[in-house]
Amino acid sequence: MREVKLSDGTITLSPLRLDDVEAHLAGEDELLVRWLNGGPGTRAGVEAYVRYCREQWDTGGPLRAFGIRVGAGEVLVGTVDLRFAGEGLAPGQVNVAYGLYPSWRGRGLATRAVLLACRYAAGEGGAEAVIQVEPENPASAAVAQRAGFTPSKPMPGTDATRLDWYILDLHTTAR
């Protein structure tokens, strides 16, 4: 696997790895379960997901899952995922999903992670980044707006939930 490491001097993004499992399970809370994970994590489930993410990196699949890390020890504080293909996405659109563990929220780290991930997506040929947010999740919408995304039309989610879309042109703004 090609090792990718992106940094802005405050955070570092690098692919998820098996030694992140314990930190992820310890950091998971009801907000991550509700907005991002779809259900409480188990050791076996998170290990399987990390292996799948590594396989996606190895095979050039559409998913790029990064750990968001801080400090010299690169402590795992959350995740940011890019999906270069998926339901509802047009060619060139890249879905961006992110979550921070509770003690790391409110510090601007999610916005930094989104911006770094978007620069990576642009370098990989992405034309437009999309953040899909349930209207009841204003914190996620605020991250999108701080990162320069603009509101787009609401779209139905896979389970008929309404999702507000936020869009960023990667050709002109994510450098």
Side-chain angles (χ1 to χ4, degrees), residues 4 6 8 10-11 13-16 24 27-41 46 49-50 52-53 56-57 60-69 77-102 104-175:
V4 174
L6 312 170
D8 68 359
T10 299
I11 65 163
L13 302 183
S14 62
L16 288 173
H24 177 76
E28 187 178 72
D29 70 343
E30 69 180 51
L31 294 177
L32 281 177
V33 168
R34 178 176 181 189
W35 302 122
L36 193 62
N37 299 348
V46 174
Y49 179 71
V50 170
Y52 173 74
C53 293
Q56 290 288 292
W57 281 100
L63 172 64
R64 299 288 178 278
F66 293 96
I68 304 169
R69 305 171 195 287
V77 301
T79 64
V80 60
D81 298 348
L82 298 173
R83 291 189 187 266
F84 287 84
E87 188 175 329
L89 295 177
Q93 285 185 321
V94 180
N95 190 72
V96 183
Y98 44 86
L100 289 175
Y101 306 135
W104 296 96
R105 294 179 188 141
R107 302 179 192 195
L109 301 177
T111 302
R112 288 176 171 278
V114 166
L115 290 169
L116 272 177
C118 285
R119 275 188 241 141
Y120 174 84
E124 294 294 307
E128 188 173 68
V130 176
I131 294 176
Q132 301 177 52
V133 179
E134 289 188 35
E136 297 80 19
N137 188 355
S140 188
V143 168
Q145 291 176 319
R146 280 192 304 271
F149 285 67
T150 57
S152 183
K153 61 183 180 210
M155 302 287 280
T158 55
D159 61 359
T161 302
R162 187 186 116 205
L163 296 173
D164 293 333
W165 277 39
Y166 294 83
I167 305 292
L168 180 70
D169 180 347
L170 295 176
H171 293 131
T172 59
T173 55
R175 294 190 179 126

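Side-chain atoms of Q93 come within 3.5 Å of backbone atoms of A90 as a donor-acceptor pair (strictly under, hydrogens ignored). Under the 3.5 Å distance criterion, the side-chain polar atoms of Y120 are left unmatched by any main-chain donor or acceptor of R64. Proximity of a side-chain donor or acceptor of R83 to a complementary backbone N or O of P62 within less than 3.5 Å is not detected.
Looking at every heavy atom in both residues, A110 comes nearest to Y98 through CB-CD1, 4.4 Å. Here the shortest heavy-atom pairing between Y101 and E28 reads CD2-N, 4.2 Å.
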- Evaluate the side-chain contact (heavy atoms from CB on, under 4.5 Å) criterion for residues S140 and Y166: first the C-alpha distance (whole Å), next the side-chain angles of each, then the deciding distance (0.1 Å), finally the verdict. CA-CA 10 Å; S140 188; Y166 294 83; over 6 Å; no
- Task: Test S14 against L6 for side-chain contact (heavy atoms from CB on, under 4.5 Å), laying out the working first.
- Result: CA-CA 7 Å; S14 62; L6 312 170; over 6 Å; no
- Message: Between V130 and L89, does the side-chain contact (heavy atoms from CB on, under 4.5 Å) criterion hold? Intermediate values first, please.
- Response: CA-CA 8 Å; V130 176; L89 295 177; 4.2 Å; yes
- For side-chain contact (heavy atoms from CB on, under 4.5 Å), just list the numbers for L63 and W57, CA-CA rounded to whole Å, side-chain angles, deciding distance to a tenth of an Å, and then say yes or no. CA-CA 7 Å; L63 172 64; W57 281 100; over 6 Å; no
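To the nearest 0.5 Å, atoms OG (S152) and CG (D164) are separated by 9.5 Å. A distance of 10.0 Å separates OG1 of T79 from CZ of R69, quoted to the nearest 0.5 Å. Interatomic distance, CD of E124 versus CG of L170, reported as 12.0 Å (0.5 Å rounding).
Between Q132 and N95, the side chains place a donor N or O and an acceptor N or O closer than 3.5 Å (distance only, hydrogens not considered).
Remark: of the listed residues I68, I131, L168, I131 is the sole one forming a side-chain contact (heavy atoms from CB on, under 4.5 Å) with V114.
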